[in-house]
Amino acid sequence: MFWYHELTKHSYLSIRQNPNLLSWEDQPGVYKQYDRSFERFPLDMQEEEDRFLFHISGLTAKKSYAGGEYYLRINPSAGALYPNELYMQIRGVKGKKDGIYHFSVAESALVLLYPISKEEGIEPYLGYTRAMKGYLFLVSAIYWRSSWKYKQRAFRYCLLDAGHVLGCIEASALLKPHATQMYYVLERETLNRMFGFGNREWFLSGAAVAVPMKEQSVQAVSFSLPYAEGSGSFEQSNVIEEAYEETRLLQGCRRMVRAPRFAYRTDKLRETIFHRRSQRDFDAEAMTKGQFGYIMETLSQPVLSDCNEDISVYVVINRVLDMPLGLYRDGSYLKYGDFSQKAGYLCLEQYGLAAQGALTFFLTSNGKNYQALYQKAGLIGHRLYIAALYLGLGCSGIGAYYDDEVNTFLENDEMVLYALAVGR
């Protein structure tokens, strides 16, 4: 098992012996903005392509509290810290200039970083030899936004949150409708340098909502962007930086070429995407067997990817009508019994979520490509959000749990990647 994963496990004692005291004066900002010398294109919600982009990472609500206010986005994030940034190449899209862009969440605008010609682009850095018509997305992480609160474990959250961004791209593309190809095999070092990230930001993955232009070959574009501040304050973590470097080169990747198939109505899916929220607790109400089947069918769909890792999906069934209680995996029961309180305890004693919900999920894997498998877990988590809310249920991602005790309960020795709860 990867050393970083072992180092960042939670246990009953570690939580109590190492309380997390926040340095509020160093709290990082969550918006990256380039200076005014870069051309901006505000999103127009009357335009289909702009709606597509907004449904990936737009601001949807404002929350006020004693110390100020914060804005919620379409994509979920642990602690609402939003460590990920979204970049894209746009080529051959009606109403858009061909170029490399940054999605400025605060401004709800695309910032043109570099215009491209027909003969050049980022395609070769992603393994393409032909120009791609449409969108090539790149997802990065500014890890300090998350490590300010979650310390060394933050790299896990950066990857899970990036997976949710990929899930948002997949969901929004269904409104077009288009299949989304996820890619993890990219020339990270070169791209990081071209975008001027330094040691504060890194690319993790990307997604293609695009088709090849068969007659148009393409050369690798080269540019050098100035550094743009993305967090304000910064505190270096050697552990996180070493974990990133050791996991950025992928090995033995298997490609998944089967496309997923979802049973969504476009109009209802659009409303689901826009109104997505993370539920804070549940009312211990049951869901139906039909809803359970719909959710499991959605989660079982393949993920188009250039580096597919197997992920085990365990479900603690707490409250499903006409189904026995117990631990369930891949269509069969592993244990019968009421494990709702156990699930609540395992999720760092968040009983209002994991014990009161109808279902508690644990995603695990023994995959070797850490960045790819963790982001796939986040993407599966986002599918769960969308499917649950589509059915009128609530969902909450849980990135913190007693790792080894979860393994003991599940009777496996795989890395525990993510927990989620669904209910009413």
Side-chain angles (χ1 to χ4, degrees), residues 48-57 75 84-94 96-103 110 113-114 116 118-140 159 162-188 190-192 194-195 203-221 248 250 253-262 301-309 369 371-372 375-376 378-380 382-383:
E48 178 185 353
E49 298 302 326
D50 285 356
R51 290 196 301 271
F52 162 64
L53 295 171
F54 178 86
H55 284 130
I56 296 171
S57 197
N75 55 299
N84 305 107
E85 292 288 328
L86 184 66
Y87 302 82
M88 70 199 75
Q89 175 181 289
I90 302 178
R91 187 192 298 279
V93 176
K94 183 179 179 181
K96 299 282 186 263
K97 292 184 179 181
D98 288 0
I100 313 295
Y101 293 84
H102 171 247
F103 186 102
L110 296 182
L113 302 178
Y114 190 86
I116 57 172
K118 292 181 180 180
E119 295 78 24
E120 64 179 359
I122 64 171
E123 286 93 340
Y125 298 119
L126 313 177
Y128 297 110
T129 59
R130 298 291 179 183
M132 299 295 288
K133 180 180 180 181
Y135 300 89
L136 297 179
F137 294 98
L138 291 169
V139 181
S140 72
L159 294 170
H164 277 287
V165 175
L166 296 178
C168 286
I169 296 171
E170 178 185 69
S172 186
L174 293 175
L175 300 175
K176 293 180 74 71
H178 287 288
T180 304
Q181 167 76 36
M182 313 304 165
Y183 50 85
Y184 305 103
V185 182
L186 60 156
E187 294 186 29
R188 288 172 172 81
T190 301
L191 290 168
N192 290 341
M194 286 167 53
F195 280 78
F203 282 121
L204 298 174
S205 60
V209 184
V211 295
M213 302 170 70
K214 295 182 180 180
E215 304 303 321
Q216 181 64 57
S217 60
V218 65
Q219 300 296 316
V221 67
R248 67 181 176 84
L250 308 183
C253 285
R254 296 176 294 113
R255 183 177 293 273
M256 171 56 70
V257 297
R258 289 193 301 116
R261 300 181 66 180
F262 301 108
Q301 295 302 308
V303 178
L304 281 170
S305 165
D306 64 358
C307 193
N308 186 55
E309 291 282 5
N369 290 301
Q371 291 193 29
Q375 289 179 85
K376 182 179 179 181
L379 192 154
I380 291 173
H382 200 75
R383 286 182 174 179

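The minimum heavy-atom distance between Ile169 and Phe52, with the atom names listed, is O-CE1, 4.5 Å. Residue Pro177 comes nearest to Leu174 through the heavy atom pair CB-O, 3.1 Å, listed as atom of the first residue, atom of the second, then distance. Scanning all heavy atoms of the two residues, the minimum distance from Tyr183 to Leu126 falls at OH-CD1, 3.2 Å. Of all heavy-atom pairs spanning Ile116 and Glu120, the tightest one is CA-OE2, 3.7 Å. The minimum heavy-atom distance linking Ala162 with Asn84 is given by the pair N-OD1, 3.2 Å. Looking at every heavy atom in both residues, Pro260 comes nearest to Pro302 through CB-O, 3.3 Å.
For the atom pair His164 NE2 and His382 NE2, the distance stands at 7.5 Å (nearest 0.5 Å). Note that NZ of Lys214 and CD of Gln216 are 14.5 Å apart. Values are rounded to the nearest 0.5 Å. Atom CG of Leu53 is separated from atom CD1 of Ile90 by 6.0 Å, given to the nearest 0.5 angstrom. Atom CZ of residue Arg254 and atom CG of residue Asp306 lie 12.0 Å apart, to the nearest 0.5 angstrom. With rounding to the nearest 0.5 angstrom, the CD1 atom of Ile100 is 12.0 Å from the CG atom of Leu110.
Between Ile56 and Asn75, the closest side-chain pair of non-hydrogen atoms is not below 4.5 Å. Put simply, the side chain of Leu175 does not reach to within 4.5 Å of the side chain of Arg51, judged on heavy atoms. Side-chain contact between Lys94 and Glu48 is absent, with no heavy atoms from C-beta onward closer than 4.5 Å.
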The test is side chain to side chain contact (heavy atoms under 4.5 Å, CB included); show your working for Leu204 and Leu159 and say whether it passes. CA-CA 8 Å; Leu204 298 174; Leu159 294 170; 3.9 Å; yes
Report the C-alpha distance between Arg383 and Val303 in whole Å, list the side-chain angles of each, state the deciding distance to 0.1 Å, and finish with yes or no for side chain to side chain contact (heavy atoms under 4.5 Å, CB included).
CA-CA 11 Å; Arg383 286 182 174 179; Val303 178; 3.6 Å; yes
Point to revise | Check against side chain to side chain contact (heavy atoms under 4.5 Å, CB included), Met194 and Glu187 | key: CA-CA 11 Å; Met194 286 167 53; Glu187 294 186 29; over 6 Å; no
(message) Walk me through whether Met182 and Lys376 qualify under side chain to side chain contact (heavy atoms under 4.5 Å, CB included).
(response) CA-CA 9 Å; Met182 313 304 165; Lys376 182 179 179 181; over 6 Å; no
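His102 and Tyr87 have tilted rings, their planes meeting at an angle from 30° to 60° on a 0 to 90° scale.
Here the side chain of Gln89 pairs a donor or acceptor atom with the backbone of Ile122 at under 3.5 angstrom. When atom types are taken as modelled, the side chain of Glu309 and the backbone of Asn369 share a donor-acceptor pair closer than 3.5 angstrom. Side chain of Tyr135 to main chain of Ala207: no donor-acceptor pair is present (N/O by atom type, distance under 3.5 Å, no hydrogens or angles). Although no hydrogens or angles enter the test, the distance criterion places no donor-acceptor pair under 3.5 Å between the side chain of Asn308 and the main chain of Met256. Side-chain atoms of Ser205 never come within 3.5 Å of backbone atoms of Val139 as a donor-acceptor pair (strictly under, hydrogens ignored). Although no hydrogens or angles enter the test, the distance criterion places no donor-acceptor pair under 3.5 Å between the side chain of Arg261 and the main chain of Gln301.
Heavy atoms from other residues, nucleotides or ligands lying under 6.0 Å from CD of Glu119 number more than 12.
Here Asp50 pairs with Lys96 under the salt bridge (Lys or Arg N to Asp or Glu O under 4.0 Å) rule; sequence neighbours left out.
Between Phe137 and Phe103, the distance separating the two ring centers is not shorter than 6.0 angstrom.
Contact check on Lys176 versus Glu49 returns a salt bridge, with a Lys/Arg side-chain nitrogen under 4.0 Å from an Asp/Glu carboxylate oxygen.
Checked options Arg130, Lys133, Arg91; the residue passing with Glu123 is Arg91 (criterion: salt bridge (charged side-chain N to carboxylate O under 4.0 Å, His left out)).
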